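My structure is below; once you've seen it, I'll send some questions.
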There are 2 protein chains.
Amino acid sequence: MNEETKRIYEAKAKVLKALAHPTRLWMAEQLVDGERCVCEFADQIDADFSTISKHLAVLRQAGIVEDDKRGKQVYYRLKVPCILNFMSCIESVIESQAKTHAALLQ
Amino acid sequence: MNEETKRIYEAKAKVLKALAHPTRLWMAEQLVDGERCVCEFADQIDADFSTISKHLAVLRQAGIVEDDKRGKQVYYRLKVPCILNFMSCIESVIESQAKTHAALLQ
DNA sequence: ATAACATTTGGCTATTTTACCAAATATACA
DNA sequence: TGTATATTTGGTAAAATAGCCAAATGTTAT
């Protein structure tokens, strides 16, 4: 694997890593239905405001969401909506995995 | 977010996390063209054999690949091939991100 | 100006992840 | 049986991540 390839895979992995956290993935999926302000997330997540803010910063730095401030609130939305197209496949993996485990228990 | 939702997002995030490493993502992409044995990966990755083996174990535990031993070698293949369908979208994120950064530098 | 609200930032600790080395295991072959 | 080859496992140190608290920032309303 040469340097160029390495850089490319590091960049791709960074995007995936940003989504690879339960809270961040949930937030990204919420945004499929349209923008949300930080306070709306905070209402539904049991975590410190600062934690939520940092998770959103990770998604922003990865280029997955963008934000804008309107009044006192900051609104977030998906920047590249296709980002969640593959969720059905992730679900297939989980189902397949569940079957494998069930089979092993027989 | 209730307990059930939490469990679901933890499971989904676990699959993403398995792919969210440059080496593992690269290996998964190699498998799109068909199975590979560990030694073939080792030829192309500059890392210890044990490191490569552990990365493959992460992919296996996540249900992304499966393996079988034939003779002295262990072959790995994608268990759920759709898993890489979204790479074009990841690339869009990276491009969009590159544009944003370029714009900020102007 | 001051107070109240929404969000981000800095600092800290606990946990997780990564990668290496050495040793163990499994298989084929002399 | 002993040896070489392929891969995994155990242990460990360094680096990255997550989440909390307290403090800082920016905005609106009084």
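First the proteins, then the strands, lettered A, B, ... as listed; each starts at 1. From a predicted model like this one, the values you see are computed outputs, not experimental measurements.
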A:L31 and A:I64: CA distance, side-chain angles, deciding distance, side-chain contact (heavy atoms from CB on, under 4.5 Å) verdict: CA-CA 11 Å; A:L31 295 180; A:I64 295 167; over 6 Å; no
Distance, rounded to the nearest Å, where B:K69 contributes NZ and D:dA6 contributes C1': 7 Å
What is the distance, rounded to the nearest whole Å, between atom CG of A:L25 and atom P of D:dA18? 13 Å
How many whole angstroms separate atom CZ of A:R36 from atom P of C:dT7? 14 Å
Hey, is the side chain of B:S53 poking within less than 4.0 Å of OP1 or OP2 on D:dT8, counting only N and O atoms? yes
Measuring from the side chain of A:Q73 (C-beta onward, heavy atoms only), which nucleotide among C:dT7, D:dT27, C:dT27 has the closest atom? C:dT7
Closest to side chain of B:V38, choosing from C:dC20, D:dT7, C:dA19: D:dT7
Name the closest nucleotide to the B:D48 side chain, picking from C:dC21, C:dA26, C:dT8. C:dC21
If I take atom CG in residue B:D67 and atom C1' in nucleotide C:dT25, what distance separates them, rounded to the nearest angstrom? 15 Å
Could you give the OH-to-P distance, from A:Y75 to C:dA6, as a whole number of Å? 11 Å
For C:dT18, does OP1 or OP2 lie under 4.0 Å from any side-chain N or O of B:R24? yes
Nearest nucleotide by nearest heavy atom, which residue falls closer to the 5' end of DNA chain D, B:V74 or A:G71? B:V74
Rounded to whole angstrom units, what separation is found between the NE2 atom of A:H21 and the P atom of C:dT15? 15 Å
Does B:S50 make a side-chain N or O approach to OP1 or OP2 of C:dC20 shorter than 4.0 Å? no
If I take atom CD in residue B:Q61 and atom C1' in nucleotide D:dT9, what distance separates them, rounded to the nearest angstrom? 12 Å
Between C:dC20, D:dG19, D:dA6, spot the one nearest the side chain of B:F49, thanks. D:dA6
Least distance between heavy atoms, A:P22 atom then B:E10 atom: CG-CG, 3.7 Å
Return the CD to CH2 distance between A:Q44 and A:W26, rounded to the nearest 0.5 Å. 4.0 Å
For B:I52 and C:dC21, give me the distance from atom CD1 to atom C1', rounded to whole Å. 15 Å
If each of A:K54 and A:C37 is mapped to the nucleotide of DNA chain C with the nearest heavy atom, which maps nearer the 5' terminus, i.e. the 5' end? A:C37
State, with a plain yes or no, whether a side-chain heavy atom of A:V58 is found less than 4.5 Å away from one of A:K54. no
By the definition side chain to side chain donor-acceptor pair (under 3.5 Å), identify the one residue from B:E40, B:E66, B:R60, B:Q30 that meets it with B:Y76. B:R60
What's the closest nucleotide to the side chain of A:H55 if the choices are C:dT27, D:dC20, D:dG19? D:dG19
Closest listed nucleotide, where the reference is the side chain of B:K17 and the choices are C:dT16, D:dT5, D:dC20: C:dT16
Pick the nucleotide of DNA chain D nearest each of B:K72 and B:Y76; which residue has the one closer to the 5' end? B:K72
